[in-house]
Amino acid sequence: MGAGDPYPMYHVSQQQCLEFCQKLRDKGWNVQLPTEAQWEYACRAGTETPFFKLPEHIQETWSLEGEQKVSTEVGWNQLNSNQKVQMVGQKPANAWGFYDMHGNVWEWCLDKWKAYDATWKIDPPAETQGDKTVYRGGSYQSPYYDCRSASRHCMQHDQRAPDVGFRFVLEEDKTP
């Protein structure tokens with residue numbers, strides 16, 4: 001992927017993503033991979049639904065068919081991708097202006113894999129211990145339900161997959 005390339009960065013390991021973020025930090029950018037909590041917060045954009053957009057008629061009569069339809073309206077998955085990565089920004093952005101949060105490519109997070117604790121309701125702590133690292137969002141190869149806001153998977157931080165990429169968080173400069 002080169003400058004101006006309209007596709008997401010993908011087929012990279014989490015380790016490569018962290019190295020890239022470090023190079024940007026060395027140049028003065030305050031960037032990092034998102035934690036799982038940050039990723040899901042950005043994906044949901046103030047909603048509590050499986051996808052950031054739910055037409056009113058579907059909210060009233062929720063169904064499997066309705067959820068599949070919404071999944072293809074807001075993202076790329078097995079149902080509509082022709083099994084290939086799509087150009088960024090072809091589907092609508094969520095309420096906060098983020099594109100492709102549901103599908104296209106999974107996105108690495110900073111957290112190590114840990115089963116969710118039932119007591120966590122808001123902003124779970126970032127997990128730093130473990131052998132596997134979390135990625136979120138679903139991909140062009142995923143069934144529609146893996147593209148939901150809460151869907152999560154994991155693999156070793158040095159592994160790559162053709163449908164796993166990343167986006168980074170530009171953090172506020174906290175120097176006085």
Side-chain angles (χ1 to χ4, degrees), residues 1-46 52 74-77 81 84-117 120-142 146-176:
M1 306 302 117
D5 192 332
Y7 292 90
M9 179 60 71
Y10 60 97
H11 206 247
V12 291
S13 68
Q14 192 227 27
Q15 183 175 348
Q16 290 172 308
C17 296
L18 293 172
E19 290 167 3
F20 177 75
C21 287
Q22 184 58 53
K23 287 180 182 181
L24 291 177
R25 282 194 300 278
D26 292 346
K27 294 181 181 288
W29 291 84
N30 193 13
V31 298
Q32 187 58 273
L33 292 179
T35 64
E36 277 198 88
Q38 289 171 324
W39 189 95
E40 189 168 331
Y41 184 74
C43 180
R44 289 185 183 277
F52 70 79
V74 300
W76 298 105
N77 60 54
S81 70
K84 62 183 181 180
V85 173
Q86 303 294 315
M87 288 190 298
V88 172
Q90 295 184 87
K91 297 293 183 178
N94 69 16
W96 294 348
F98 294 112
Y99 288 92
D100 296 329
M101 297 295 288
H102 298 292
N104 210 11
V105 297
W106 289 98
E107 297 176 355
W108 284 110
C109 292
L110 197 56
D111 302 52
K112 297 295 185 182
W113 177 266
K114 181 177 182 178
Y116 274 154
D117 183 322
W120 295 340
K121 298 291 182 201
I122 297 174
D123 199 15
E127 184 59 42
T128 59
Q129 303 297 312
D131 340 342
K132 294 188 177 182
T133 304
V134 175
Y135 52 91
R136 304 285 300 257
S139 83
Y140 65 91
Q141 295 181 342
S142 299
D146 267 350
C147 299
R148 293 173 172 199
S149 302
S151 184
R152 59 199 292 261
H153 287 275
C154 66
M155 69 177 158
Q156 300 292 335
H157 81 285
D158 58 350
Q159 288 183 296
R160 301 180 327 158
D163 63 338
V164 179
F166 78 107
R167 75 177 67 219
F168 56 80
V169 175
L170 180 59
E171 297 178 329
E172 182 178 28
D173 187 7
K174 296 181 182 160
T175 55

Report the distance from atom [atom1] of [X] to atom [atom2] of [Y], rounding to the nearest 0.5 Å.
{"X": "L18", "Y": "Q15", "atom1": "CG", "atom2": "CD", "answer": "8.0 Å"}
{"X": "N94", "Y": "C43", "atom1": "CG", "atom2": "SG", "answer": "7.0 Å"}
{"X": "Q16", "Y": "M9", "atom1": "CD", "atom2": "CE", "answer": "9.5 Å"}
{"X": "K132", "Y": "H157", "atom1": "NZ", "atom2": "NE2", "answer": "13.5 Å"}
{"X": "W113", "Y": "D131", "atom1": "CH2", "atom2": "CG", "answer": "12.5 Å"}
{"X": "C17", "Y": "Q32", "atom1": "SG", "atom2": "CD", "answer": "10.5 Å"}

For the pair H102 (side chain) and C147 (backbone), establish whether a donor and an acceptor sit closer than 3.5 Å, ignoring hydrogens and angles. yes
Short side-chain to backbone donor-acceptor contact, S139 and V105, under 3.5 Å: no
Within the structure provided, determine whether D146 and H153 are in side-chain contact (heavy-atom separation under 4.5 Å). yes
On the 0 to 90° scale, with breaks at 30° and 60°, tag the F166-F20 ring pair as parallel, tilted or perpendicular. perpendicular
Parallel, tilted or perpendicular for Y135 and W108, by the 30°/60° rule? perpendicular
Would you find more than 12 non-hydrogen atoms of other residues, nucleotides or ligands less than 6.0 Å from W96 atom CH2? yes
Would one find more than 12 heavy atoms of other residues, nucleotides or ligands at under 6.0 Å from atom NZ of K112? yes
Check step by step if side-chain contact (heavy atoms from CB on, under 4.5 Å) holds for L24 and F168. CA-CA 11 Å; L24 291 177; F168 56 80; 3.9 Å; yes
What verdict does the side-chain contact (heavy atoms from CB on, under 4.5 Å) test give for M101 and R136, after you've listed the backbone C-alpha separation in whole Å, the side-chain angles of each residue and the deciding distance to 0.1 Å? CA-CA 9 Å; M101 297 295 288; R136 304 285 300 257; over 6 Å; no
Show the numbers, then the answer: is there a side-chain contact (heavy atoms from CB on, under 4.5 Å) between S81 and Q86? CA-CA 7 Å; S81 70; Q86 303 294 315; 4.3 Å; yes
In chain order, what residues pass the side-chain hydrogen bond (donor to acceptor under 3.5 Å, both in side chains) check against Q14, with sequence neighbours excluded? none
Going by ring-ring contact (aromatic ring centres under 6.0 Å, His included), name the residues that satisfy it together with W76, two or more places apart in sequence or in a different chain. none
With sequence neighbours left out, which residue pairs that include part of residues 156-168 fulfil the salt bridge (Lys or Arg N to Asp or Glu O under 4.0 Å) condition? E107-R167
Quick test of your reading of the model: are R44 and E40 salt-bridged, counting only N-O distances below 4.0 Å? yes
Before giving the answer on side-chain contact (heavy atoms from CB on, under 4.5 Å), spell out for N77 and Y140 the whole-Å C-alpha distance, their side-chain angles and the decisive distance to 0.1 Å. CA-CA 4 Å; N77 60 54; Y140 65 91; over 6 Å; no
